[in-house]
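For reference, the structure discussed in these notes is given below.
These values consider heavy atoms only, across backbone and side chains, with no hydrogens, waters or symmetry-generated copies. Since the structure is predicted, the reported quantities are computational estimates derived from the model, not experimental observations.
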Amino acid sequence: MSLFDIESHLKECYAAFPPAGRHPIIGITSNYSDGDLTLRDRYHKQVVKAGGTPLIIPPIADKAAIINILDHIDGLILTGGADINPLWSGEEPFPELHNINSTRDLPELLLIRLAYNRQIPILGICRGMQALAVALGGKVAQDIAYIPSELPNVEGRARRIKHSQDADKSEPTHTIRIVPNSYLAEIYGESTAASTEEGGREANDCCAKSSSTSLLETGETGREAAGETVIAVNSFHHQAVSAPGNRFRATAIAPDSIIEAMESTEFKPIMGVQWHPEWLEEEGQKLFKWLVDHARNFLQAKQLHDRMLTLDSHCDTPMFFPQGVKFNHRDPRILYDLHKMHEGRQDAVVMVAYLPQPKAGEEFAQKVDIAGIIRHNPHLKGISDRLSPNEYANLIFDKLEEIVDENSSYINLARTPEELYENKRRGLKSIVFGIENGLALNHDLSNVHHFAQRGVVYITLCHNGDNDICDSARGSNTHQGVSLFGEKVIQRMNDEGVMVDLSHAAESSFYDALDISCTPIVCSHSNARTLCDVPRNLTDDQMRSLAKKGGVVQITLYHGFLRQKGEATIMDAIAHLEHAIQIMGIDHVGIGTDFDGDGTVRGCADASELINFTLHLMRRRYNEQDIAKIWGGNWLRVMSIVQANKKNLMV
């Protein structure tokens with residue numbers, strides 16, 4: 001091939017089809033100096049070698065440009081450079097502060113926050129690690145002199161190792177101690193995946209492991225001491241992260257106590273290193289390979305979400321309507337809004353009208369914030385302060401319809417599986433109506449028809465307390481199960497094509513309803529009692545009985561139903577899901593988060609993080625068909641069966 005013959009070069013491109021596979025696109029932040037964008041070639045060469053496609057990101061603060069860039073990348077590298085202006089951390093500058101690069105600060109801090117919300121894998125290098133800390137709740141010392149040292153004092157002063165080397169950039173000049181059970185330990189030391197512990201990351205993260213030879217195996221620059229890995233790195237910095245914050249934990253420490261690396265505490269592929277791996281050839285390549293591998297997983301998860309319908313069977317966001325929440329804002333008061341659904345690539349959610357169960361002597365109107373509803377909806381000023389459960393549920397659905405009308409270019413209502421798929425085809429998110437607590441029926445069977453006509457797809461028979469339909473898991477055994485009225489309610493729900501939801505029901509109510517219903521039943525947000533022994537969860541026998549009748553159990557993220565002691569995380573939710581699969585089979589499980597009803601866990605805190613659930617399933621080698629079943633396929637099967645049973649009734 002002639003060096004300067006363009007046709008011969010093109011011929012190589014077109015010698016096979018496709019001309020190139022889809023490699024993960026890795027955004028790389030650029031430096032800025034005297035009107036020029038600059039970037040060491042080491043960065044993009046390491047990315048290409050690791051199997052990624054580099055995309056250089058200029059330091060621009062244009063929000064639309066940043067968002068469009070993030071919508072097209074699969075991983076992000078934050079590069080080294082000048083100090084960050086301490087004003088971004090609420091601090092005044094100290095004399096030790098060096099040059100700052102104000103052109104980079106705002107664009108990169110915005111980039112980090114927006115990438116974090118989109119679950120994009122991130123590797124921060126030197127300044128990039130410090131930017132991660134500043135953007136996500138950590139602290140950066142303006143000079144390492146302000147960080148206490150563990151080395152012995154010399155002449156009354158804290159002793160330091162040299163963190164700004166004169167040696168060649170490719171020469172390691174000091175050691176770091178890597179914390180076990182970390183990404184770095186996997187990359188540079190541990191031969192087997194560590195067990196998942198509270199506060200750690202996922203153990204079986206097999207897709208993230210580097211396949212290259214570790215420092216321990218070469219014996220050149222690494223050694224293992226007391227269960228910890230020690231490696232040598234290069235060093236070019238005078239600032240350092242002094243506190244990682246809640247979202248990170250320190251995973252590598254220098255001999256003088258400087259934090260040399262940190263990683264996500266939320267089971268996310270986000271890591272920062274204080275050294276410069278782009279200069280360390282094969283040993284540095286391991287970190288770039290780690291990022292590109294995770295970016296490839298993220299790309300595959302995004303593609304999977306594009307192909308399948310993802311549905312969350314239960315959220316309580318309408319509970320917050322009395323606070324005037326904004327569904328088209330990224331509203332910090334709620335866990336579901338349009339922004340979070342877009343970021344988490346979530347297609348559909350069942351939003352319920354939740355009705356708290358009054359205790360003896362209480363009226364329903366005392367349990368809801370009618371004043372708040374009126375304050376944020378002045379057109380409702382004339383509503384009664386003695387609102388009935390039925391009126392309140394209708395008010396919630398009116399508000400949901402109003403939200404959909406205001407945002408009709410982006411979201412639509414759905415009543416059937418066909419409408420859900422059509423909305424996805426049109427690029428619209430879907431809201432589905434549900435009722436949590438049959439109290440909404442006002443002891444009137446005709447209201448089953450009324451709510452079916454409004455588009456309600458399921459009614460949770462009770463909540464925390466017995467009602468006129470059945471006994472609750474937190475009730476007093478009023479009816480010894482389903483009442484005579486409740487039996488008629490279930491039969492009418494069958495006739496109207498409305499799913500019977502037995503989350504919150506007592507065991508006696510569960511088995512009664514299972515016998516009464518002629519269609520499969522659902523538990524829209526329930527977990528396994530074997531793993532968390534609370535009455536609200538389902539026994540293995542209940543799960544088997546439900547599966548035998550064709551129903552589904554949707555695993556929920558409420559911490560009190562995931563574990564009884566300690567902090568619940570996404571790993572607990574995965575454990576409950578896999579237990580349900582073991583007992584019931586893959587065709588009878590799904591996800592019902594209970595977001596905004598106290599459902600939220602570290603690693604899946606709101607709708608923007610729901611794609612993380614998919615990533616964890618992929619790492620466990622679930623195939624696309626099974627993931628699609630978990631993410632709504634099983635639920636929609638039951639929904640179709642129940643709606644096909646609907647009878648033409650005259651009411």
I'd like to know if the side chain of [X] and the backbone of [Y] have a donor-acceptor N/O pair within less than 3.5 Å.
| X | Y | result |
| --- | --- | --- |
| D316 | D596 | no |
| Q542 | T539 | yes |
| E419 | N412 | no |
| D74 | L299 | no |
| E266 | G603 | no |
| H376 | G372 | no |
| R602 | T265 | yes |
| D347 | T310 | yes |

Between K629 and Y622, is NZ or CZ placed under 6.0 angstrom from the six-membered ring centre and within 45° of the ring axis?
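No.
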Is the closest side-chain donor-acceptor distance between [X] and [Y] under 3.5 Å?
| X | Y | result |
| --- | --- | --- |
| Y410 | N328 | no |
| S526 | R536 | yes |
| H588 | N634 | no |
| N390 | S388 | no |
| K268 | Q119 | yes |
| D540 | H579 | yes |
| D444 | S446 | yes |
| N423 | S430 | yes |
| T519 | N494 | yes |
| T593 | D312 | yes |

Quick one: sort the F397 and F433 rings into parallel, tilted or perpendicular, breaks at 30° and 60°.
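Parallel.
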Parallel, tilted or perpendicular: which one describes the rings of Y458 and W635, with boundaries at 30° and 60°?
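Aromatic pair Y458/W635 classed perpendicular.
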Start with the C-alpha gap between L546 and M584, add the side-chain angles, then the distance that decides, and say whether side-chain contact (heavy atoms from CB on, under 4.5 Å) holds.
CA-CA 8 Å; L546 183 143; M584 305 172 68; 3.5 Å; yes
Which pairs pass salt bridge (Lys or Arg N to Asp or Glu O under 4.0 Å) with one or both residues in residues 452-467, sequence neighbours excluded?
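Counting only pairs at least two positions apart or across chains, the salt bridge (Lys or Arg N to Asp or Glu O under 4.0 Å) contacts touching residues 452-467 are D398-R454, E401-R454.
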Among H463, H314, H576, exactly one meets ring-ring contact (aromatic ring centres under 6.0 Å, His included) together with H525. Which residue is that?
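It is H314; the other options fail the test.
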Salt bridge present between K340 and E343 (N-O < 4.0 angstrom)
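Salt bridge absent between K340 and E343.
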Do NZ/NE/NH1/NH2 and the carboxylate oxygens of K647 and D495 come within less than 4.0 Å?
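A salt bridge is present here (some side-chain N lies under 4.0 Å from a carboxylate O).
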Take C523 and L538 through the test side-chain contact (heavy atoms from CB on, under 4.5 Å) and record every step on the way to the result.
CA-CA 9 Å; C523 290; L538 300 173; 3.8 Å; yes
For the residue pair I574 and E578, establish whether any side-chain heavy-atom pair is separated by less than 4.5 Å.
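Side-chain contact under 4.5 Å: yes.
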Only one of L441, D501, I435, I469 passes side chain to side chain contact (heavy atoms under 4.5 Å, CB included) with L461; say which it is.
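Output: one option passes, namely I469.
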